[in-house]
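Just so it is clear, the structure is predicted and the values come from calculations on it, not from any experiment. These numbers come from the heavy atoms of this one structure, side chains and all, not from hydrogens, waters or symmetry mates.
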Amino acid sequence: MKPIVALQAVVTADDSDREPTPAELDAVAAEMPLVLADVELLDVEISLLDRPATEWDMRRLRRARRRVLAARRTLTNRGAAAAPGVA
């Protein structure tokens, strides 16, 4: 009897072996400003964990939160413009 287990990998494609498509790379690039704004906000929040916040720290926190909201707004508006007819 001849085993066919070795041939099964050829028949069944594994999704983890493929490269990202250009559309997936474009989607990642479109979300990158939001990711960077979230990282900056997290950095500010981490810096405030072990010490009391000064006025400068609160300004930095507010700016980081505004950047996150602006990036979310831009991403949402771009998505709404790409889907016409949706009200």
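One distance of note links CD of Glu31 with CZ of Arg78; it measures 9.5 Å at 0.5 Å rounding. The CZ atom of Arg72 lies 14.0 Å from the CG atom of Asn77; values are rounded to the nearest 0.5 Å. In this structure, CG in Asp38 is found 12.5 Å from CG in Asp43, a value given to the nearest 0.5 Å.
Nearest heavy-atom pair, Ala71 versus Ala37, reported as atom, atom and distance to 0.1 Å: CB-CB, 4.4 Å. Between Leu75 and Ala30 the shortest heavy-atom distance is CD1-O, 3.6 Å.
In the hydrophobic clustering of ILVMFWY residues, with side-chain heavy atoms under 4.5 Å counting as a link, Leu34 and Met32 come out apart.
Glu24 places a side-chain N or O within donor-acceptor distance of the main-chain N or O of Thr21, the cut-off being under 3.5 Å.
None of Leu42, Leu41, Val39, Leu36 except one satisfies the side-chain contact (heavy atoms from CB on, under 4.5 Å) rule with Val68; the exception is Leu41. When each of Arg67, Arg65, Arg60, Arg63 is paired with Glu40, the salt bridge (Lys or Arg N to Asp or Glu O under 4.0 Å) condition holds for Arg67 and for no other.
Using a 3.5 Å distance cut-off with no hydrogens or angles, the side chains of Asp57 and Thr54 do pair a donor with an acceptor.
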